[in-house]
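Below is one structure, written out as structure tokens, with a few remarks after it.
As the structure is a computational prediction, the values presented were derived from the model and not from experiment. Lettering follows sequence order; numbering is per chain, from 1.
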2 protein chains.
Amino acid sequence: MNISSRCDYACRAIVELAHYSPKDIPLTANAIATKRNIPEKYLVHILLQLKKAGMLLSVRGAQGGYRLAKKASDITLLDVVLAVDGSIMDPVPCDDESSPELKNTWEDMGNKITDALQSVTIQSILDNSPSADMYFI
Amino acid sequence: MNISSRCDYACRAIVELAHYSPKDIPLTANAIATKRNIPEKYLVHILLQLKKAGMLLSVRGAQGGYRLAKKASDITLLDVVLAVDGSIMDPVPCDDESSPELKNTWEDMGNKITDALQSVTIQSILDNSPSADMYFI
DNA sequence: CTTAATCCGACTCATTAAGTCAAGATTCTC
DNA sequence: GAGAATCTTGACTTAATGAGTCGGATTAAG
């Protein structure tokens with residue numbers, strides 16, 4: 001039971017994009033990777049997944065890069081996890097015959113985790129964060 | 001993010017022991033493995049972990065086996081996960097410098113999952129289960 | 001045309017989960 | 001006491017997967 005680094009990276013990237021914000025100029029994969037300390041070649045794949053999931057827009061070619069496709073308040077952690085990991089939990093090899101009690105239990109756990117992930121938006125992450133900029137005002 | 005099969009197996013074994021209940025005669029690893037459809041050689045290691053964590057008692061030699069060391073209502077899923085997997089979540093490689101916002105977020109998630117796991121006892125699993133015995137009364 | 005990007009599949013590498021094996025230790029039964 | 005049953009333990013194998021890299025194709029700006 002753990003957060004994959006793909007997922008962590010994806011969230012960092014989206015947070016960075018949300019933080020950066022300006023609508024016109026997109027951020028390059030390189031810029032995000034550098035700022036958020038993510039292996040660039042790896043990040044590229046993750047950004048692609050996020051794009052395919054409809055969370056990002058991309059512009060190819062020189063001066064290209066990535067932008068958010070939605071408002072930060074409309075992207076939840078659940079969205080990110082699903083986009084990047086496919087599902088929040090691999091179904092346990094819980095063959096119903098031998099242990100039906102546990103099937104329900106694990107499903108309940110999955111639902112609780114899903115709810116928890118869905119209750120956190122990228123915006124709420126930004127809001128709750130002690131903005132680093134504060135110290136420079 | 002997933003429930004390890006070790007963990008699933010551990011829960012099945014404990015549920016089986018709790019279900020079986022009688023204080024005197026212990027259940028053998030083989031009996032548990034057979035009834036709950038778990039690879040026996042593998043289960044043996046898991047039972048040992050549970051024993052070391054204080055959840056089970058064992059009796060060696062002929063007529064030996066395992067029993068619960070506590071009441072089913074005093075064993076939570078959190079206990080089992082910790083005993084078997086060591087921790088509920090590997091700490092994400094969340095280097096504080098680059099993404100402090102997420103560190104808090106992942107910690108919160110970890111706490112929510114911990115709470116959820118702690119709120120489920122083996123007894124509650126038995127209670128919520130549509131007892132298979134029902135059909136035989 | 002050159003440069004700066006994304007796109008995307010194929011690849012390597014290391015870790016770990018899952019499971020097996022075998023030998024030792026302990027206790028029961030006869 | 002002998003033999004059988006059972007837990008105890010560590011070493012081993014294997015397969016899957018997460019993490020990350022590489023290189024080439026595509027697209028757009030200057």
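- The distance from atom OH of B:Tyr42 to atom P of D:dT13 is 18 Å, rounded to the nearest whole Å.
- Considering CZ of A:Arg6 and SG of A:Cys11, their distance stands at 12.5 Å, rounded to 0.5 Å.
- Of the possible donor and acceptor atoms, none in the side chain of A:Asp74 sits under 3.5 Å from a partner among the backbone N and O of A:Lys71.
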side-chain hydrogen bond (donor to acceptor under 3.5 Å, both in side chains) assessment of A:Asn111 paired with A:Glu107:
CA-CA 6 Å; A:Asn111 290 336; A:Glu107 281 176 3; over 6 Å; no

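- What separates CZ of A:Arg6 from P of D:dT21 is a distance of 13 Å, to the nearest Å.
- Close to D:dA5, at under 4.0 Å from its OP1 or OP2, lies no side-chain N or O of B:Thr28.
- Here D:dT8 presents its P atom at 12 Å from CG of B:Leu50, a figure rounded to the nearest Å.
- To the nearest 0.5 angstrom, B:Leu47 atom CG is 9.5 Å from B:Gln49 atom CD.
- Near-neighbour residues of DNA chain C inside residues 79-89 of chain A, defined by a heavy atom below 4.0 Å, are absent.
- Between the A:Thr28 side chain and the A:Ala31 main chain, a donor and an acceptor come within less than 3.5 Å of each other.
- Rounded to a whole Å, the CD atom of A:Gln49 is 12 Å from the C1' atom of D:dG18.
- Going from atom CE of A:Met55 over to atom CD1 of A:Ile14 covers 5.5 Å, rounded to the nearest 0.5 Å.
- In this structure, A:Thr76 contributes its side chain and A:Leu78 its backbone to a donor-acceptor pair below 3.5 Å.
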Treat primed atoms plus P, OP1 and OP2 as sugar-phosphate and everything else as base, then score nucleotides 22-30 of chain D 5' to 3': B for base contact with protein heavy atoms under 4.0 Å, S for sugar-phosphate contact only, - for none.
B---BBBS-

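- Using a 4.0 Å cutoff to heavy atoms of chain B, the contacted part of DNA chain C runs 5' to 3' from C:dA18 to C:dC28.
- Hydrophobic clustering of Ile, Leu, Val, Met, Phe, Trp and Tyr side chains at less than 4.5 Å, counting indirect connections, keeps A:Val59 apart from A:Leu56.
- Whole-Å rounding puts the B:Asn30 CG to D:dC7 C1' distance at 13 Å.
- The CZ atom of B:Arg67 sits 16 Å away from the P atom of D:dT6 (whole-angstrom rounding).
- Distance A:Ile3 CD1 to D:dG18 P: 14 Å, rounded to the nearest Å.
- Distance B:Leu43 CG to D:dT6 P: 14 Å, rounded to the nearest Å.
- To the nearest 0.5 Å, atoms CG (B:Asn30) and NZ (B:Lys35) are separated by 13.0 Å.
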